[in-house]
Each structure stands twice: as structure tokens, then as C-alpha cells.
Amino acid sequence: MRLSRLIFLGCAVLLAGCNMGTFPDPNDPKDVGPISVDNLFGQYNSISELLQQRVGHAQISQADADAALREAAVRLLKGFSTEKVEASKAWQVARMMIDVQQWANAKPMLEVAVEWAKTSHNEDRRVNDTLQLARAQANLGDVSAAVKTARKTFDAAPANCAPIPFSVLYEIVPGGRGKGHDIELARLLEDAIVIDTKVVVNTQTEGGIRFLQGRPRRMRESWNVIHALYADAKRPDLEEKAKVRLSEIGRNLRPRDDTPAQI
């Protein structure tokens, strides 16, 4: 039996022992009743926390924990109906679907989530869910739509922009790369670098400090990807323009050890 399966089964036992309840079997006619999003997401988060505890105690590797969590998501989503999911909770179901790369299923959930965030004026959810919608579109091959969707978050206030550079660099661009729109992705990443320099964080928190410390590294990684995208598209002229545009930004940003960020 695979390690990830053993981990999942162990977590299921622990959850049952902690009075978390059991997940109904959709194939058992005796096991009736709707499964709530709270129950679904609660069990998912509990399994995630247990796995991270085991990683922290060096009982399993992070790779094994990630594999086990993906398997848990597949099992929890099996037989789950999205027809009556509340709009305010659609992002939770979408997150699980994304973890198991069910892009086609996640996309409509994210569309609902984005609309809810707009109407409820929840800016944090609007930014995060819009970026995840762009990620789904990119992985489904609709890269131009993904770029346009991602850019809709660029109007957010500096205090709400922190997810943008991460998502563009590590999620959207990898999902859309090599599908005939690399120039669009390169330009999106260029603009995400500019957004990164304008993000406002709370420097009294660990997360805020980590964001600032990681900025020069993100810029270097972003530039490496931009270089590769323009190289693949055989457009060195566009790369040179990007280099001129971003070089001044790179010279002005320094990590805590005062080493210049090179672009």
C-alpha cells in the first residue's frame, strides 16, 4: 500500500476519534443526506493540519504530505454535488478542486466566488479568487482569457496586492506557458513585478517581513522566467525593452543583507 494511502487512512481514523464525524459514502443508499461545504472543508483542513504536524515532527516528508492531501481531496469530493453550494463558500470547494487539478470543475465555482466577492465588496476574496480563476483558465488552455482575468486584480489597493506577484509567477504563468501566448505571459509577469514593488505590508508581522525579504528573490526568478518566455518566442527585442524598463526597479530594491537585486 502506498505511503500516501496509509497517511490518509491514518488521518481518517484520527478524525473519527476526534468526533469530527465520518464522510457519507455516496455509493451507499443507506447513507443519505446532503454533505455541507462546512463539513467538506472542515475535514479537508483537519487532514491538512494533521499532515503538517507529521511533517513538523519529521514523521513524513512534505512531498508525502502533499500527495496524501491530494488523495484526501479526491475522496472527499467524490459524489459531492456543487448545485446548491452557497456563493460565499464556492471558493472553498474550488480550492479543493484546484489541489487535485480538477480545473474544469473549479472554473465555474471560481466564477461564482468572484461574483459573490464583488457584490459583497470583499476585496480580499475578489483578488484571491480572480487570480485562481485565471490559473484555472491558463491550465485549461485559455491563456489570453487568463491574462485578462489576472489583470483585473491590478486595480486593487497596495494593501491587497500581495497575492498578485506570487500567483502570476508560480501559478498562472506555469499553467499557461508553452501554449502559444508566451509573450502575453511575459508582459503580465513584467507588470506583476511592478505591482510587487508597490505592495504595502504590515512590517510588524512575520508574514509582512517575509514578503519584503523575499521580494528581491521573486524579482530575480521573475526575470529569469521573462527571459525564457521571450527566448522561446524568439523576441530578443522585447526582452531588451523589458530589461530597460525593469532595471531601475531592480537597482532600487535591496534585501535585508543589502545585496542589490539583479535584473
Which is it for Q43 and N39 under the side chain to side chain donor-acceptor pair (under 3.5 Å) test, yes or no, and what are the steps along the way? CA-CA 6 Å; Q43 291 195 50; N39 179 274; 2.9 Å; yes
I would like to know whether R245 and D191 meet salt bridge (charged side-chain N to carboxylate O under 4.0 Å, His left out); could you show each step before the answer? CA-CA 10 Å; R245 177 191 179 198; D191 293 337; 2.6 Å; yes
With side-chain contact (heavy atoms from CB on, under 4.5 Å) as the test, would you mind laying out the steps for E221 and V225 before giving the verdict? CA-CA 6 Å; E221 291 182 5; V225 174; 5.7 Å; no
Using a 3.5 Å cut-off and no angle test, enumerate the donor-acceptor pairs between side-chain atoms of residues 104-118 and protein atoms at least two apart in sequence or in another chain.
| from | atom 1 | to | atom 2 | distance (Å) |
| --- | --- | --- | --- | --- |
| N105 | ND2 | Q102 | OE1 | 3.3 |
| K107 | NZ | E111 | OE2 | 2.8 |

Side-chain donor or acceptor of [X] paired with backbone N/O of [Y] under 3.5 Å:
X: R215; Y: D196; value: yes
X: H57; Y: Q53; value: yes
X: K89; Y: S36; value: no

From [X] [atom1] over to [Y] [atom2], what is the distance, rounded to the nearest 0.5 angstrom?
X: K148; Y: Q137; atom1: NZ; atom2: CD; answer: 10.5 Å
X: L69; Y: E49; atom1: CG; atom2: CD; answer: 11.0 Å
X: Y230; Y: E239; atom1: OH; atom2: CD; answer: 9.0 Å
X: K243; Y: E240; atom1: NZ; atom2: CD; answer: 6.0 Å
X: F211; Y: R218; atom1: CZ; atom2: CZ; answer: 4.0 Å
X: D182; Y: K234; atom1: CG; atom2: NZ; answer: 10.5 Å

Checking salt bridge (charged side-chain N to carboxylate O under 4.0 Å, His left out) for the pair E71/R75: CA distance, chi angles, key distance, verdict? CA-CA 6 Å; E71 184 171 345; R75 287 172 174 268; 3.6 Å; yes
Do [X] and [Y] sit in one hydrophobic cluster, given that two such residues count as connected whenever their side-chain heavy atoms are within less than 4.5 Å of each other, even indirectly?
X: W223; Y: V194; value: yes
X: V173; Y: L133; value: no
X: I47; Y: I98; value: no

For V37 and F80, what are the C-alpha separation, side-chain angles and deciding distance, and is it a side-chain contact (heavy atoms from CB on, under 4.5 Å)? CA-CA 9 Å; V37 174; F80 179 76; 4.0 Å; yes
Can you check side-chain contact (heavy atoms from CB on, under 4.5 Å) on V100 and M96, steps first, answer last? CA-CA 7 Å; V100 293; M96 294 177 61; over 6 Å; no
Compare every heavy atom of [Y] with every heavy atom of [X], then report the nearest pair and how far apart it is.
X: A233; Y: I183; value: CB-CG1, 3.7 Å
X: I60; Y: L51; value: CD1-O, 3.8 Å
X: R125; Y: N122; value: N-OD1, 3.1 Å
X: I172; Y: A134; value: CD1-CB, 3.8 Å
X: A136; Y: W103; value: CA-CE3, 3.8 Å
X: N128; Y: D124; value: ND2-O, 2.8 Å

Working note: Q132 + R135, criterion side chain to side chain donor-acceptor pair (under 3.5 Å); need CA distance, chi angles, decisive distance, verdict. CA-CA 5 Å; Q132 291 307 303; R135 181 185 182 185; 3.1 Å; yes
Taking the side chain as every heavy atom from C-beta outward, state whether [X] and [Y] have any atom pair closer than 4.5 Å.
X: N45; Y: R95; answer: yes
X: Q101; Y: N139; answer: no
X: R187; Y: L238; answer: yes

Evaluate salt bridge (charged side-chain N to carboxylate O under 4.0 Å, His left out) for D232 paired with R177, printing each intermediate quantity in order. CA-CA 10 Å; D232 290 345; R177 190 171 177 178; 3.7 Å; yes
Yes or no on side-chain contact (heavy atoms from CB on, under 4.5 Å) for L246 and M219, after CA distance, side-chain angles and deciding distance? CA-CA 10 Å; L246 299 175; M219 292 186 65; over 6 Å; no
Check residues 153-169 and write down every donor-acceptor pair under 3.5 Å in which the side-chain atom is one partner and the other belongs to a residue at least two apart or another chain.
| from | atom 1 | to | atom 2 | distance (Å) |
| --- | --- | --- | --- | --- |
| T153 | OG1 | A150 | O | 2.7 |
| D155 | OD1 | R126 | NH2 | 2.9 |
| S167 | OG | E171 | OE1 | 2.9 |

How is the hydrophobic cluster of V244 composed, in terms of its other members, when Ile, Leu, Val, Met, Phe, Trp and Tyr link through side-chain heavy atoms under 4.5 Å apart, directly or indirectly?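 Its cluster mates, by chain and number: none.
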With a 6.0 Å cut-off (strictly less than), is the heavy-atom count around CD of Q62, excluding the residue itself, greater than 12? yes
